[in-house]
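Worksheet: the structure to be examined is printed underneath.
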Amino acid sequence: MTDKRARNEIIKENSHQLRGTLAEGLQDVVTGNIAEDDHQLIKFHGSYIQDDRDVRGERAKKKLEKAYSFMLRLRIPGGLTTPKQWLALDRIASEYANGTLRLTTRETFQYHGVIKSNLKRTMQAINGAALDTIAACGDVNRNVMTAANPYLSKAHKQAYDLGKAISEHLLPKTGAYHEIWLDGEKVEEKVRKAGKSEEPLYGTHYLPRKFKTVIAVPPDNDVDIFAHCLGFIAVLEKGEVVGWNVTVGGGMGMTHGDTNTFPRTAEFLGFCKPEQAIDVAEKVLLVQRDWGNRENRARARFKYTVEDRGIDNIRAEVEKRLGYKLGKPKPFKFEGTGDPLGWRQTLDAKKDEDKKWHLTLFVENGRIKDVPGRTMRSALREIAEAGYCDFVCTSNQNVILANVASKFTSKIEAILKAHGVSTEVSSGLRANSMACVSLPTCALGLAESERFLPELLTSLEDSLDKAGLRSDDIVVRMTGCPNGCARPYLAEIGFVGRNPGLYNLYLGAAFDGSRLSKLYAQDVGKERIIELLDPIFLKYAKERKSGEHFGDFVIRAGLVKATTAGNNFHDNIKLA
Ligand code: SRM
Ligand code: SF4
């Protein structure tokens with residue numbers, strides 16, 4: 001009988017619980033590369049092998065090996081780091097990576113450009129800061145995102161605590177990470193002799209595909225709950241979490257031209273009590289472990305398991321494994337997916353003097369770096385050195401300087417000013433923008449993203465000015481390919497790379513993150529994008545109803561049909 005399983009299933013099976021030949025590969029100084037199968041395994045350790053695509057052609061001409069380096073992604077549930085950790089992360093960026101810290105769309109950091117000979121040292125330095133990269137990538141439960149800023153209210157702290165607990169509970173247990181990167185004890189043989197499994201939860205094959213868990217605290221949907229495999233929405237009474245609405249089956253990735261693949265918004269599984277949440281997370285993950293598609297990786301995400309089996313069957317199976325029924329989802333309301341930028345005070349401190357301040361700082365596309373006249377990385381380092389705050393990475397690629405005593409707010413402002421970092425953003429469109437990394441590091445990028453969106457927004461700001469919309473909040477996101485790393489199909493304006501300089505333009509997602517967009521124009525470059533959006537902005541400014549968001553307006557104006565579920569994302573398209 002032929003083995004129909006996807007190649008990755010066989011790699012996992014033969015990997016000795018994610019060890020592969022990684023340790024040996026690190027010793028090989030002849031190449032900056034590692035063995036082909038280890039390309040897949042190293043993801044579970046939070047790293048990707050990449051090459052600098054800007055110099056790929058030139059190096060090929062000279063018959064040189066590709067300019068290999070490694071991307072490293074940290075696991076930081078809820079995105080919270082202390083000033084001491086921030087300083088360590090900042091140091092690592094200079095010592096081992098490309099001198100930048102990249103905040104991701106999932107509340108953590110990435111390093112780019114770490115060469116093989118520095119990889120182990122970098123892992124050890126991260127470990128020295130009491131952080132790790134375990135399961136930040138790979139077919140496992142990834143970094144858990146929680147409503148930004150555990151200091152903001154009691155409910156935010158409860159969301160953060162749950163996120164951390166789920167992250168720990170669903171962490172792979174193999175000794176591989178400690179052995180390979182931290183020179184830990186070799187445990188595989190010992191565990192095998194004791195007749196045990198190194199991975200009681202994941203087994204030998206882990207999950208069919210990546211699995212993403214997030215936790216939201218209404219009215220903010222900053223974590224974009226409907227984009228994820230598993231979500232918990234806080235149900236609040238008098239500011240405290242009394243339970244969680246559970247969502248399943250969201251996801252973004254698709255392939256251009258393949259309507260069998262599509263982004264999908266999550267559905268409601270039910271309601272659980274606070275003490276049931278970890279168990280619910282585990283059982284949902286196990287259903288995906290056992291029911292997910294292990295033959296076709298393009299259809300292996302949990303969203304397709306939910307789509308193909310149906311939400312009722314998924315619920316019945318989860319409840320069977322739990323041994324009890326989930327409740328009916330409780331009412332809640334989301335207002336938006338963005339980060340409220342600027343200063344905010346703790347929402348529920350008992351006395352006024354206990355209230356701390358929190359500054360959400362816009363970081364364009366998450367890249368923290370120093371450029372002439374705007375030395376953001378140095379500013380944040382100085383703030384960390386002074387110990388004025390903790391740092392929280394947000395799911396919108398921004399950073400919150402959190403838990404600041406009143407006496408330090410002006411000091412923080414002075415440091416930012418001295419480094420040319422403004423707390424103002426040039427438009428509502430930019431303030432609500434995100435772009436994925438794409439070129440030059442991402443192997444899958446078809447078009448520029450992080451390096452192009454800022455310039456496009458500058459041009460679109462002229463259009464906004466003509467329509468008087470400069471300060472309106474409109475959500476815009478760009479990705480260099482259809483995988484959807486900046487969640488573009490949940491943006492009111494989404495750009496998805498097709499070819500160098502050309503993007504598909506999507507319109508009509510809901511401002512609160514509950515509805516996907518629809519394709520509006522195909523293969524459009526910068527000039528055409530402006531030509532298309534210019535009149536739409538004018539029309540919106542003139543004809544919108546009071547409080548109507550851009551994404552709702554374009555549907556009412558008949559520019560696109562509403563996408564009501566992932567399985568009609570590709571339907572009713574009328575291209576501009
Ligand atoms: Fe992503 C793959 C970057 C969030 C969907 N993503 C990649 C890789 C690793 C490319 C690769 O496989 O070779 C990118 C590395 C680029 C680089 O040079 O750094 C990459 N993804 C990112 C980040 C850094 C984008 C960013 O600009 O911030 C985000 C890191 C998140 C994190 O900290 O864990 C990132 N990726 C996402 C999200 C958004 C989210 O989860 O909220 C999605 C869409 C949601 C989802 O998962 O459905 C996402 N990334 C993908 C996919 C498509 C998966 C699919 O279902 O088809 C791929 C490709 C794949 O897995 O095969 C991918
Ligand atoms: Fe790379 Fe595509 Fe993700 Fe952008 S969306 S980072 S191009 S995989």
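Order of listing sets the numbers, starting from 1, for every ligand and every atom in it. The first residue of the sequence shown is numbered 1, and numbering continues consecutively from there. Quick note: numbers below take in every heavy atom, side chains included, and nothing from hydrogens, waters or symmetry partners.
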For [X], which part has a heavy atom under 4.0 Å from ligand 1: side chain, backbone, both, or neither?
X: M252; result: both
X: R297; result: neither
X: T108; result: side chain
X: L444; result: side chain

What residue and heavy atom of the protein are closest to [atom], and at what distance?
atom: atom 51 (C) of ligand 1; answer: K210 NZ, 3.2 Å
atom: atom 27 (O) of ligand 1; answer: R102 NH2, 2.9 Å
atom: atom 13 (O) of ligand 1; answer: Y48 CE2, 3.5 Å
atom: atom 57 (O) of ligand 1; answer: G253 CA, 3.7 Å

Number the atoms of ligand 2 from 1 as they appear, then name those within less than 4.0 Å of a heavy atom of [X], with their elements.
X: G480; answer: 4 (Fe), 7 (S)
X: C442; answer: 1 (Fe), 6 (S), 7 (S), 8 (S)
X: C485; answer: 3 (Fe), 5 (S), 6 (S), 8 (S)
X: T479; answer: 5 (S)
X: G445; answer: 7 (S)

So is [X] in contact with ligand 1, going by heavy-atom distances below 4.0 Å?
X: Q397; result: yes
X: R73; result: yes
X: K303; result: no
X: E450; result: no
X: G484; result: yes
X: P263; result: no
X: E107; result: no

N/O separation below 3.5 Å, [X] to ligand 1:
X: R209; value: yes
X: V437; value: yes
X: M71; value: no
X: S438; value: no

Is a salt bridge present between [X] and [Y], judged by a nitrogen-to-oxygen distance below 4.0 Å?
X: D139; Y: R297; result: yes
X: E307; Y: R264; result: yes
X: D224; Y: R487; result: yes
X: K173; Y: E199; result: no
X: E95; Y: R121; result: no
X: R477; Y: E492; result: no
X: R299; Y: D258; result: no

### Task
Using a cut-off of 6.0 Å, state whether more than 12 heavy atoms not belonging to K164 lie near its atom NZ.
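No.
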Looking at non-hydrogen atoms alone, which of [options] comes nearest to [atom]?
atom: atom 6 (S) of ligand 2; options: G253, C436, A447; value: C436
atom: atom 33 (O) of ligand 1; options: V214, T104, T255, T105; value: T104
atom: atom 50 (N) of ligand 1; options: C485, A443, C481, G366; value: C485
atom: atom 43 (C) of ligand 1; options: R106, R53, R487, K212; value: K212

### Task
Evaluate the criterion ring-ring contact (aromatic ring centres under 6.0 Å, His included) for residue pair Y304 and F262; output intermediate values, then yes/no.
CA-CA 9 Å; Y304 298 118; F262 45 83; 5.5 Å; yes
### Task
Evaluate the ring-ring contact (aromatic ring centres under 6.0 Å, His included) criterion for residues Y206 and F44: first the C-alpha distance (whole Å), next the side-chain angles of each, then the deciding distance (0.1 Å), finally the verdict.
CA-CA 10 Å; Y206 295 83; F44 292 78; 5.5 Å; yes
May I ask you to decide if the ring planes of [X] and [Y] are parallel, tilted or perpendicular, using 30° and 60° as cut-offs?
X: F211; Y: F302; value: tilted
X: H45; Y: Y177; value: parallel
X: F452; Y: Y503; value: parallel

### Query
Numbering the atoms of ligand 1 from 1, which are under 4.0 Å from a heavy atom of A435?
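Checking each atom against A435, I get 27 (O).
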### Query
Which of the atoms in ligand 1, numbered in the order shown and given with their element, are less than 4.0 Å from a heavy-atom of T441?
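Once the distances to T441 are compared, the set is 17 (C), 18 (O).
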### Task
Return yes if some donor-acceptor pair links the side-chain N/O of K116 with the main-chain N/O of G25 below 3.5 Å, else return no.
yes
